[in-house]
2 protein chains.
Amino acid sequence: MKDVALRAGVSRTAVSFVLNDRHAVTLSDETRDRVLAAAAELGYRPNASARALAQQRSDWYGLVTEIVTAPFAVNVIKGAQDRALLDEKYLLIASTESDPVVEQAAIERLLEQRVEGIIYAATWHRAVTLPEIAREVPTVLVNCFDAEGRFPAVVPDEHAGGRRATERLLAAGHRRIGLINLDPAIPAAVGRRLGYHEVLREAGIAPDEDLEIPGHATAHGGYDAASALLDLADPPTAIFCANDRMAMGAYDAIKERGLRIPHDVAVIGFDNQELIAEYLRPALTTVALPFEQMGALGVDLLAATIAGESTATETVTVDCPLLERVSV
Amino acid sequence: MKDVALRAGVSRTAVSFVLNDRHAVTLSDETRDRVLAAAAELGYRPNASARALAQQRSDWYGLVTEIVTAPFAVNVIKGAQDRALLDEKYLLIASTESDPVVEQAAIERLLEQRVEGIIYAATWHRAVTLPEIAREVPTVLVNCFDAEGRFPAVVPDEHAGGRRATERLLAAGHRRIGLINLDPAIPAAVGRRLGYHEVLREAGIAPDEDLEIPGHATAHGGYDAASALLDLADPPTAIFCANDRMAMGAYDAIKERGLRIPHDVAVIGFDNQELIAEYLRPALTTVALPFEQMGALGVDLLAATIAGESTATETVTVDCPLLERVSV
DNA sequence: GTGAAAGCGCTAACAT
DNA sequence: ATGTTAGCGCTTTCAC
């Protein structure tokens, strides 16, 4: 920076002002141009650490997540990263491996880097408990929530998603709609099922216990559950699978019986796991979990929290859009 | 830090030494303990920026990749991150969106953060040309290579992978083996095909042009190609699909004809795209692209390059292991 | 509009 | 074994 000042024939102060677009003092355009030219010629590149030190502000957010398993995580990261960049904030990504010890160490590292806040993202919607040190800095939850509501959070609207899927099937003329659900203990299963019931009732259809199976959340589980459903004396003409992997298995069960999708049996999924939903034949209509958007909203919420514009316990609910393909 | 020194009743120098495990000077264990205790009590946390400034060393590597599309990217990130952590280096992840402008800006940002080196990872194996500024700092390529060989790189051994898949099919007794390949212009297609030919010839089987189809790299493409293959007068008894998505489509074509996998037709894939390979029914035997390992090796290579232990143009080739499931 | 000067938190000679 | 001291590159206040 000294070199730039020298070359432009001005003070370091002036350089600093120009480079940071400060208008506290007025600089002539000519001076500005000279400084900028000098910086360009010298290939000057500000040193982020020095700036962070001087300003006592890192311009970083930390994003902690179980990066391992999840194609989902990458979408949250992307959404958060893009949004953060708009504010010229950068994302430090730390993975927890779903291991409390690793997690603690990861957060510790973020704090050493003096992140201004933390976004804690889960790969499936659930309650989490953060290690105490996460409180040292503003923290928001994405796709998860604090059991005691101590952190702001952004979560998907499972309930509305369940409604949406069911409504779509109803709109296609189905009246006997099966539900292959997830582990009944998790928020996704509860919410989606609730929406399903609600919509059925509103349509004057009494939910039929036989049509609901809490499946094992894999293709195999979906296959087994769909087989059971299809072998019913009065089988459903449509199946709402609470995730795409199970829908994948359901496809096999349906095809095995010589039935056609969607002609004989309509299928609707949940998650929009693109590799599956898009490439299944026929392509799967499904309700999307908007991870990217959740990541972006997480950053928004974090920024608001840091700015003190958000109540400590605000929960943002985000809509799960329906992706129409051809399985309904 | 001053506070810690004060509390421990020693100099800041001593604190710095203890905290950094320096043995240049010998400190009594008692002093060490006192310092450590004071640091713990005060909840002292070193400031990474300050340290980076003072040491002129950031302890960071930059990882640039097209984070968007790829479930693959996440594995490279994981491998690189874990490996970097072993050296107490951290990863700054920047996404390019496959857009040169974004890419340039991303690298610029990394350089401002004074990363010590850059790992440039592609989501599919190909030649790339890096922006000039990437040369300002040691850079290695992962899953891609510089057309002019100016950067060290780690790439998968497509050729060996092609051999491995073909050998597996041969071992299962197949003699008529179809190949549904990728776009013939890309390294993956060239290498895998080469391996396939080689192994066939070694087994005394003349490659049959009819059995080779350059497919469109989607489930649809795989379906079409497999259909063509199966409708041949003398159809293959096994199909080597150059990626798992096409294998997914091939499954449909096979099942549609009332044939069973692997009994009537064996299928082997490539990529080990877990969502597909694992959940397909029957689960797909496939050759894995070891992204995680490539990420780790990328970090190794970068470390070596920085240390001056690597020739500028070294290319590390990494093996693609066979994952046995049940489709062969 | 400019320049001097202090300071951000830490490291590392060097002298003691 | 400990203290002193001079930076690292930048920001920011203040007097000019």
Side-chain angles (χ1 to χ4, degrees), chain A residues 1-36 38-39 42-60 88 90 108-116 136-137, chain B residues 1-36 38-39 42-60 88 90 108-116 136-137:
Chain A
M1 197 167 111
K2 194 171 55 186
D3 299 341
V4 175
L6 231 53
R7 174 148 194 150
V10 302
S11 67
R12 286 175 41 186
T13 312
V15 175
S16 177
F17 281 7
V18 170
L19 263 27
N20 292 298
D21 255 331
R22 292 215 151 280
H23 297 290
V25 213
T26 346
L27 296 177
S28 69
D29 282 359
E30 200 253 313
T31 316
R32 288 181 49 84
D33 291 348
R34 235 169 356 150
V35 170
L36 291 171
L42 261 35
Y44 170 77
R45 213 186 292 290
N47 179 318
S49 297
R51 173 177 293 181
L53 228 208
Q55 290 189 146
Q56 294 294 83
R57 183 160 63 76
S58 64
D59 283 331
W60 288 352
E88 304 204 54
Y90 306 119
E108 205 93 49
R109 245 180 286 124
L110 294 180
L111 292 176
E112 290 192 359
Q113 306 289 344
R114 296 297 186 269
V115 294
E116 297 172 14
E136 289 187 23
V137 98
Chain B
M1 196 166 109
K2 194 171 55 189
D3 299 341
V4 175
L6 231 53
R7 172 149 195 148
V10 302
S11 66
R12 286 175 40 187
T13 312
V15 175
S16 177
F17 280 8
V18 170
L19 262 28
N20 291 297
D21 255 332
R22 292 217 152 279
H23 296 289
V25 216
T26 346
L27 296 177
S28 69
D29 281 0
E30 200 253 313
T31 317
R32 288 180 49 84
D33 291 348
R34 232 165 2 142
V35 170
L36 259 19
L42 261 33
Y44 170 78
R45 213 187 290 290
N47 180 317
S49 297
R51 173 178 293 180
L53 228 208
Q55 289 190 147
Q56 295 293 84
R57 185 159 63 76
S58 64
D59 282 332
W60 287 352
E88 304 205 55
Y90 306 119
E108 206 93 50
R109 244 179 288 123
L110 293 180
L111 293 175
E112 290 192 359
Q113 305 290 344
R114 296 297 188 270
V115 294
E116 297 172 14
E136 289 186 25
V137 97

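Letters go in sequence order (proteins before strands), and every chain restarts at 1. Predicted model, so just to flag it, every value in this text is computed and none were measured. Scope of the values below: all heavy atoms of this structure, side chains included, with no hydrogens, waters or symmetry mates.
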Colleague: Could you work out which one of C:dA12, C:dC10, D:dG9 sits closest to the side chain of B:Leu53?
Modeller: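 Between C:dA12, C:dC10, D:dG9, the one nearest the side chain of B:Leu53 would be D:dG9.
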
Colleague: Check A:Ala52 against B:Ser49 and note the closest heavy-atom contact, atom names and distance.
Modeller: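 Reported closest heavy-atom pair: CB-OG, 3.6 Å.
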
Colleague: Select one nucleotide: of D:dC10, C:dG9, D:dT12, the one nearest the side-chain heavy atoms of B:Ala50.
Modeller: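 Closest nucleotide among those given: C:dG9.
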
Colleague: Whole angstrom is fine here: how far is it from CZ in A:Phe17 over to P in C:dA4?
Modeller: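 Taking atom P of C:dA4 as the reference, CZ of A:Phe17 is at 15 Å.
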
Colleague: Minimum heavy-atom separation for B:Leu42 to B:Arg7, with atom names?
Modeller: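 Of all heavy-atom pairs spanning B:Leu42 and B:Arg7, the closest is CD1-NH1, 3.3 Å.
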
Colleague: Quick check for you: among C:dC10, C:dC8, D:dT13, whose closest atom lies nearest to any side-chain atom of B:Asn47?
Modeller: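 Selected nucleotide: C:dC10.
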
Colleague: Nearest whole angstrom, please: distance from the C1' of D:dC8 to the CD of A:Gln55.
Modeller: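 Spelled out: CD on A:Gln55 to C1' on D:dC8 is 16 Å.
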
Colleague: Can you figure out which of C:dC10, D:dT11, C:dA12 approaches the side chain of A:Arg51 most closely?
Modeller: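 Closest of the options to the side chain of A:Arg51: D:dT11.
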
Colleague: Reckon A:Ser16 has a side-chain N or O less than 4.0 Å from the OP1 or OP2 of D:dT11?
Modeller: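 The answer is yes; a side-chain N or O of A:Ser16 sits under 4.0 Å from OP1 or OP2.
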
Colleague: Separation of A:Leu6 atom CG from D:dC10 atom P, in whole Å?
Modeller: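 It works out to 14 Å between those atoms.
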
Colleague: Nearest whole Å is fine: how far is D:dA1 P from B:Arg34 CZ?
Modeller: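 Going from CZ in B:Arg34 over to P in D:dA1 covers 12 Å.
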
Colleague: Rounded to whole angstroms, how far apart are CZ on A:Arg57 and P on C:dG7?
Modeller: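 So the CZ-P distance, A:Arg57 to C:dG7, works out to 21 Å.
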
Colleague: Rounded to the nearest 0.5 Å, what's the gap from CD on A:Gln113 to CZ on B:Arg51? Could you check?
Modeller: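 A:Gln113 atom CD to B:Arg51 atom CZ measures 9.5 Å (nearest 0.5 Å).
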
Colleague: Can you tell me if A:Gln56 touches the phosphate of D:dT11, counting only side-chain N or O atoms and a distance under 4.0 Å to OP1 or OP2?
Modeller: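 Indeed not, no polar side-chain atom of A:Gln56 lies that close.
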
Colleague: Given C:dC8, D:dG7, D:dT12, which nucleotide is nearest the side-chain atoms of A:Ala54?
Modeller: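 From the listed options, C:dC8 comes nearest.
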
Colleague: Quick one: do B:Glu136 and A:Arg45 make a salt bridge, cutoff under 4.0 Å?
Modeller: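 A salt bridge links B:Glu136 with A:Arg45.
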
Colleague: What integer distance in Å separates B:Asp59:CG from C:dT11:C1'?
Modeller: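 Result: 13 Å.
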
